[in-house]
Amino acid sequence: MKDSIITLHDFGVAYEKKTLLEGVNTTIRRGRITAIIGPSGCGKSTRLKAMNRMLELQGDAKIRGSIHLNGRLWEQNTTEELFNNPQRQETKDYLQGAYA
């Protein structure tokens, strides 16, 4: 999808033998506000940590499925593309103005 920033396909998270998330499909679109809501313990924080790859630092966490960033697999994006892009700067400038 052309206007998507992040797309999850058949995404899942497991710790050891316990599956926490399974078969999640999500598209986060450019220029839209996206909220992840749900009851306590339903996997909101786990999903966000897995999406930004923080869970990969934990040896017992297994991530399944794919994450696409700007239409490409996450692994195909360079560090510069991930952290030094104009959209990130625009968001930072907006937030600094909104909370100044």
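None of the values given here were measured: they were computed from a predicted structure.
Residues satisfying the side chain to side chain donor-acceptor pair (under 3.5 Å) test with Thr26, not counting sequence neighbours, are Arg47.
Cluster membership check: Ile36 shares its hydrophobic cluster with Leu21, using side-chain heavy-atom separations under 4.5 Å among Ile, Leu, Val, Met, Phe, Trp and Tyr.
With a 4.5 Å cut-off on side-chain heavy atoms, Leu73 and Ile67 do not count as touching. Using a 4.5 Å cut-off on side-chain heavy atoms (C-beta onward), Met51 and Ile6 make contact.
The heavy-atom pair separating Arg64 from Ala14 by the smallest distance is NH2-CB, 3.6 Å. Minimum interatomic distance between Asn70 and Arg30 (heavy atoms only, all atoms of both residues): OD1-NH2, 3.2 Å. A pairwise comparison of heavy atoms in Val13 and Ala50 identifies CG2-CB, 3.6 Å as the closest pair. Closest of all the heavy-atom pairs between Asp10 and Asn25 is N-OD1, 2.7 Å.
Residues in residues 13-23 take part in these side-chain hydrogen bond (donor to acceptor under 3.5 Å, both in side chains) pairs, two or more places apart or across chains: Tyr15-Gln58.
One finds the OG atom of Ser45 at 12.0 Å from the CG atom of Leu20 (value rounded to the nearest 0.5 Å). Of the inter-residue distances, the one linking Ile28 atom CD1 with Leu8 atom CG reads 6.5 Å to the nearest 0.5 angstrom.
Other residues, nucleotides and ligands place no more than 12 heavy atoms under 6.0 Å from the NZ atom of Lys49.
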